[in-house]
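Okay, so here's the structure we're looking at.
No hydrogens, no waters, no symmetry mates; every other heavy atom, side chains included, goes into these values. It should be emphasised that the depicted structure is a prediction, and the values quoted were computed from it without experimental measurement. Numbering of ligands and ligand atoms starts at 1, following listing order.
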Amino acid sequence: MNDRRIPLSDIRKELEHYLSMETAFSDGRVLGSMCTAPHPLAVEAHRMFIESNLGNPGLYPGSVEMEGRVMEMLAKLLNGPGCSGLMVGGGTEANITALWVAKKLQKKREVIFSSNAHFSIKKAIDLLNLDGVEVGLDDRYRISIDEVEDAVTDETLAMVGVAGTTELGMIDPIDRLSDLAAENYFLHVDGAFGGFVIPFLRQIREGVPKFDLSLKGVNSISLDPHKMGLSTIPSGALMLRDMEYLEGISVDSPYLTSSRNMSLAGTRCSAAVASTYAVMRHLGNEGYIEVVRRCMAITDRLAEGIEELGREHDIEVAIKPVLNIVAARIPDHVAVKEELERKGWYLSVSRHPEALRLVVMPHITMERAEELLSDLETVLNARR
Ligand code: 0PR
């Protein structure tokens with residue numbers, strides 16, 4: 001640390017410098033992230049509650065009430081009347097907490113998950129000293145139910161399904177997992193990405209499968225307001241079928257304003273809760289439907305554009321998009337990605353299958369999508 005104070009104006013300049021190094025979503029050129037520009041109201045709410053800490057609830061009853069109301073809204077969204085849960089820092093914390101809760105319910109060790117599960121599941125298994133049983137995928141890049149059936153043993157504690165996979169946005173057959181898990185195994189659904197898409201998409205599109213608490217075997221669902229929920233980072237949520245699950249992980253917290261603490265984090269970001277509360281109340285079901293409708297229209301256009309390019313070039317959509325992620329199979333896809341990055345795009349790749357991955361978040365516009373397709377054509381022409 002410097003010995004002497006530095007004037008505010010100098011520090012502000014330094015901050016401006018660092019900010020200028022960051023990538024802004026507002027440019028509409030980031031298709032490699034699952035986050036987006038938060039709604040302006042979310043930012044406003046975040047600033048208002050910057051001092052509050054849900055980790056010490058007696059001092060912040062407003063935060064406690066807002067968390068409860070967010071949980072009520074989410075319970076309704078996930079078809080779990082009377083269910084509740086807690087706000088956390090994001091998908092990783094939600095997944096760790098879910099498996100921690102599961103571990104406390106039964107003295108078994110094995111967690112079945114697939115190769116398309118987010119890496120936070122592996123972190124959770126390692127931290128909790130559980131045994132991971134990794135199974136493969138079906139022909140649509142979803143968890144293989146046959147392999148899950150074969151993987152079940154006397155030691156099976158939990159199964160993890162993904163509703164909106166990180167790489168391709170696929171939805172695992174949660175109904176089948178729910179039947180398999182029934183009352184015997186804990187079923188956690190990772191809806192970090194899909195949780196704020198699927199419930200809205202189901203209202204406007206046929207054939208989008210169920211993944212929620214209406215499936216009786218589902219015990220918990222993670223869903224991130226800081227991804228498709230348009231809230232600020234760090235906003236995560238873990239919905240539980242039964243709040244009693246938290247008893248197992250609760251500890252005495254005698255010097256705080258509540259006598260029991262029931263979350264992985266101690267200090268908890270009320271600002272993110274306020275942000276989530278504000279944006280969910282403001283947009284409501286109709287607002288999120290519009291967000292999802294727009295993202296899906298752009299997703300469909302990108303998929304269609306890629307197929308059009310496929311008439312002239314060796315390129316195709318790896319699988320028909322289910323949510324707002326498009327994967328394009330292209331020879332040398334990493335090199336193509338790098339060439340597009342030199343043209344100002346921020347993209348990513350998937351491994352299963354190996355493809356160029358485009359995540360169509362709310363900051364992407366149709367105009368930008370057309371520009372991207374045109375730049376992709378230029379790159380493909382130059383590589384011929
Ligand atoms: N579960 C799923 C299905 C996810 O996609 C992610 C994150 C998580 C859990 C973990 O969530 P947190 O990152 O909130 O803990 N998926 C993105 C990924 O790893 C996260 C991300 C977001 C990465 C923005 C990059 C980025 O720019 O790819």
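With sequence neighbours left out, Asp242 forms a salt bridge (charged side-chain N to carboxylate O under 4.0 Å, His left out) with no residue at all. Shown here are the side chain to side chain donor-acceptor pair (under 3.5 Å) partners of Glu147, two or more places apart in sequence or in another chain: there are none.
A salt bridge does not link Arg29 with Glu341: none of the charged nitrogens is closer than 4.0 Å to a carboxylate oxygen. For Arg109 and Glu155, the salt-bridge test fails: no basic side-chain N is under 4.0 Å from an acidic carboxylate O.
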Inventory of protein N or O atoms under 3.5 Å from ligand 1 N or O:
unit_1   : atom_1 : unit_2 : atom_2 : d
ligand 1 : 1 (N)  : Asp190 : OD1    : 3.2
ligand 1 : 1 (N)  : Asp190 : OD2    : 2.6
ligand 1 : 5 (O)  : Thr166 : OG1    : 2.7
ligand 1 : 11 (O) : Gly91  : N      : 3.4
ligand 1 : 11 (O) : Lys227 : NZ     : 3.0
ligand 1 : 14 (O) : Gly91  : N      : 3.0
ligand 1 : 14 (O) : Asp224 : OD2    : 3.2
ligand 1 : 14 (O) : His226 : NE2    : 3.0
ligand 1 : 14 (O) : Lys227 : NZ     : 3.1
ligand 1 : 15 (O) : Gly91  : N      : 3.4
ligand 1 : 15 (O) : Thr92  : N      : 2.8
ligand 1 : 15 (O) : Thr92  : OG1    : 2.5
ligand 1 : 19 (O) : His118 : NE2    : 2.8
ligand 1 : 27 (O) : Ser33  : OG     : 3.1

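Phe113 has its side chain within reach of Lys122: a pair of non-hydrogen atoms, C-beta onward, lies under 4.5 Å apart.
Within the hydrophobic cluster formed by Ile, Leu, Val, Met, Phe, Trp and Tyr side chains joined at under 4.5 Å, directly or through other members, Tyr60 is accompanied by Leu59.
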